[in-house]
Peer 1: 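Input: one structure, supplied below.
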Amino acid sequence: MLKPLDMSGSSFEIKTPELFRFAPCLDYFARSTQECLYEIQGDSIQKLLHVGGRHVLVSIQSPQDHALEVKVLTGGPLTTEEQEEAHTYIREWFDLERDILPFYYLAGKDENLKGVVQRFYGLRIIRIPDLFEALCWAVLGQQVNLSFAYTMKRRVTEAFGDSLEWEGRIFRCFPAPEQLLTASLEELASMKLSRMKSATILEIARMMVEGELSREGLLAMGEMDLVEKRLLAIRGIGPWTAHYVRMRCLGDQSAFPIGDAGLHNAVRELLGLSQKPSAAELRHLFSAWKGWEAYATFYLWRTLY
DNA sequence: TTCCAGGGCTATT
DNA sequence: AATAGCCATGGA
């Protein structure tokens with residue numbers, strides 16, 4: 001299954017499916033210069049992963065179209081189990097398990113979507129496999145402009161997350177729930193989170209530490225409607241956040257954050273509307289893409305930058 | 001200055 | 001059920 005490129009265990013290869021290209025994914029990663037959880041360098045991305053209870057810095061590139069090459073920069077060589085864990089994370093990160101041919105088939109016949117999938121050919125939904133990170137990122141992103149959301153994420157990450165220095169650069173992990181739980185509401189508020197955002201992520205951290213909320217538990221529910229109800233029961237999580245997490249973390253390709261301001265702007269541009277589309281107009285537009293709402297949304301987001 | 005961001009809660013009708 | 005006001009900040 002895993003094909004080491006050498007005998008040291010310090011690099012390995014991940015096969016990629018049809019309709020995958022690394023370049024548009026790299027373009028997505030490079031969309032903001034404010035991101036603190038990975039770094040882009042040329043045609044590669046570096047990220048600090050949490051595997052086998054420790055931190056491993058990896059660099060990923062794709063010299064050929066059919067595979068990713070993962071180099072372990074620090075923390076290697078990996079045990080077989082650790083390599084398996086990193087492998088699993090990265091496959092999920094790039095959504096490599098999904099057969100997106102049906103999406104490309106319907107998009108290719110769709111006058112509105114055709115140009116978009118051509119422009120970003122091979123792009124996958126870049127996921128946030130870590131549930132806590134995904135929930136917090138969604139909460140931080142509620143209502144505020146993305147630049148400010150990145151600033152808040154960086155402050156929280158620098159204050160409570162693990163980090164590692166390599167060749168003069170610092171790489172960071174988003175805090176684990178246990179780590180964030182050491183924060184006080186006042187501390188988070190001093191980072192310019194609203195009291196509501198602060199209380200919400202503290203409560204999410206508490207629930208995850210107590211075992212009341214987990215990624216495995218949500219996935220075990222099977223039905224995404226049940227997952228949504230579970231998430232909506234948390235104060236500070238509404239429909240947008242629930243769908244965002246379904247889409248970015250849980251791999252639900254039919255998640256549809258219909259209230260998303262960015263999506264509204266993307267659709268307004270796409271259709272040349274004079275004002276933002278109504279919910280009814282959005283539902284009508286997306287009805288042609290049923291089952292692939294998350295992919296349509298992700299691709300439309302890309303048209304904004 | 002004003003508007004609005006990859007929303008959600010609360011109080012008021 | 002529907003809706004205005006509020007939160008917090010900063011880009012444009």
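What you see is a predicted model, and the numbers here were worked out from it, not measured in a lab. First the proteins, then the strands, lettered A, B, ... as listed; each starts at 1.
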Peer 1: So, for A/Gly236 and A/Thr200, which heavy atoms are closest and what is the spacing to 0.1 Å?
Peer 2: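 Looking at all heavy atoms of both residues, the closest pair is CA-OG1, 3.5 Å.
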Peer 1: Using the ring-ring contact (aromatic ring centres under 6.0 Å, His included) rule, collect all pairs that involve residues 166-211 of chain A, keeping only residues at least two apart or in two chains.
Peer 2: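 Qualifying pairs: A/Phe132-A/Phe174.
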Peer 1: What nucleotide among C/dC7, C/dT9, B/dC9 has an atom nearest to a side-chain atom of A/Lys192?
Peer 2: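 The listed nucleotide nearest to A/Lys192's side chain is C/dT9.
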Peer 1: If I pick the P atom on C/dG5 and the same atom on B/dT2, what distance separates them, to the nearest angstrom?
Peer 2: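 Going atom to atom, P in each nucleotide, I get 16 Å.
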Peer 1: Using whole Å, report how far CH2 of A/Trp137 lies from C1' of B/dG7.
Peer 2: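 So the CH2-C1' distance, A/Trp137 to B/dG7, works out to 14 Å.
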Peer 1: Using a heavy-atom cut-off of under 4.0 Å over every strand shown, decide if A/Tyr305 touches base, sugar-phosphate, or nothing.
Peer 2: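 The residue A/Tyr305 makes base contact.
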Peer 1: Counting side-chain heavy atoms from C-beta on, which of B/dA5, B/dC9, B/dG8 comes nearest to A/Trp240?
Peer 2: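 Shortest atom-to-atom distance from the side chain points to B/dG8.
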Peer 1: Nearest to the side chain of A/Ser147 - C/dG11, C/dA8, B/dC9?
Peer 2: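 Looking only at heavy atoms from C-beta outward on A/Ser147, the closest nucleotide is C/dG11.
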Peer 1: Tell me: CZ of A/Arg235 to C1' of B/dC9, nearest whole Å?
Peer 2: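 Computing the A/Arg235:CZ to B/dC9:C1' distance gives 7 Å.
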Peer 1: Have a look at A/Thr241 and say if it touches a base, only the backbone sugar-phosphate, or nothing, with a 4.0 Å heavy-atom cut-off.
Peer 2: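 Sugar-phosphate contact only - A/Thr241 comes under 4.0 Å of backbone atoms but never of a base.
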Peer 1: Between P on C/dA8 and CG on A/Leu185, what's the gap in Å once rounded to a whole number?
Peer 2: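 Distance, rounded to whole Å: 10 Å.
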Peer 1: Does a side-chain N or O of A/Arg195 approach OP1 or OP2 of C/dA8 to a distance below 4.0 Å, or not?
Peer 2: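 Indeed, a polar side-chain atom of A/Arg195 lies that close.
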Peer 1: Just N and O in the side chain of A/Lys276: are any of them under 4.0 Å from OP1 or OP2 of B/dA5?
Peer 2: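 So the side chain of A/Lys276 is within the cut-off, an N or O lying under 4.0 Å from OP1 or OP2 of B/dA5.
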Peer 1: B/dA5 C1' sits how many Å from A/Lys197 NZ, rounded?
Peer 2: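 Distance check: A/Lys197 NZ to B/dA5 C1' gives 10 Å.
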Peer 1: For A/Asn145 and for A/Gly236, find the nucleotide of DNA chain B with the closest heavy atom, then tell me which residue's nucleotide is more 5'.
Peer 2: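 Nearest-nucleotide comparison on DNA chain B picks A/Asn145.
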Peer 1: If you measure from the P atom in C/dA4 to the same atom in B/dC3, how many Å do you get, rounded?
Peer 2: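 Their P atoms lie roughly 15 Å apart.
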Peer 1: Say you pick atom P in B/dA11 and the same atom in C/dA8; how far apart are they, in whole Å?
Peer 2: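 Nearest-Å result for B/dA11 against C/dA8 at atom P: 15 Å.
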Peer 1: Write down the distance between CG (A/Asn265) and C1' (C/dA12), rounded to a whole number of angstrom.
Peer 2: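 Rounding to the nearest Å, CG of A/Asn265 and C1' of C/dA12 are 13 Å apart.
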Peer 1: Can you tell me which nucleotide in C/dA8, B/dG7, B/dC9 comes closest to the side chain of A/Ala261?
Peer 2: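 The answer is B/dG7.
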Peer 1: Does the separation of the ring centres of A/Phe29 and A/Phe94 fall below 6.0 angstrom?
Peer 2: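 Yes - the distance between ring centres of A/Phe29 and A/Phe94 falls below the 6.0 Å cut-off.
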Peer 1: Given B/dG8, C/dT9, C/dA8, which nucleotide is nearest the side-chain atoms of A/Gln142?
Peer 2: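 Out of B/dG8, C/dT9, C/dA8, the nucleotide with an atom closest to A/Gln142's side chain is B/dG8.
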Peer 1: For A/Ile204 and B/dG8, what is the distance between atoms CD1 and C1' respectively, to the nearest whole Å?
Peer 2: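 Atom-to-atom, A/Ile204 to B/dG8, this comes out as 13 Å.
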Peer 1: Can you check the A/Gln34 CD to C/dG11 C1' distance for me, whole Å?
Peer 2: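 The answer, rounded to whole Å, is 11 Å.
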Peer 1: Taking the six-membered ring of A/Tyr299 as reference, does the NZ or CZ atom of A/Arg302 fall below 6.0 Å from its centre and within a 45° cone about the axis?
Peer 2: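 So A/Arg302 doesn't make the cation-pi contact.
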Peer 1: Hey, is the main chain of A/Gly251 close enough, under 3.5 Å, to the side chain of A/Arg98 for a donor-acceptor pair?
Peer 2: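 Yes, the answer is positive, given that a donor and an acceptor are paired below the 3.5 Å cut-off.
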Peer 1: Output the rounded distance in Å from CD (A/Gln143) to C1' (B/dC4).
Peer 2: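 That distance rounds to 7 Å.
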Peer 1: Taking ring-ring contact (aromatic ring centres under 6.0 Å, His included) as the definition, give me every residue that meets it alongside A/His264, ordered by chain and number, with sequence neighbours left out.
Peer 2: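 A/His264 satisfies ring-ring contact (aromatic ring centres under 6.0 Å, His included) with no other residue.
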Peer 1: Counting heavy atoms from C-beta on, name the nucleotide in B/dG8, B/dA5, B/dT10 closest to the side chain of A/Pro239.
Peer 2: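 From the listed options, B/dG8 comes nearest.
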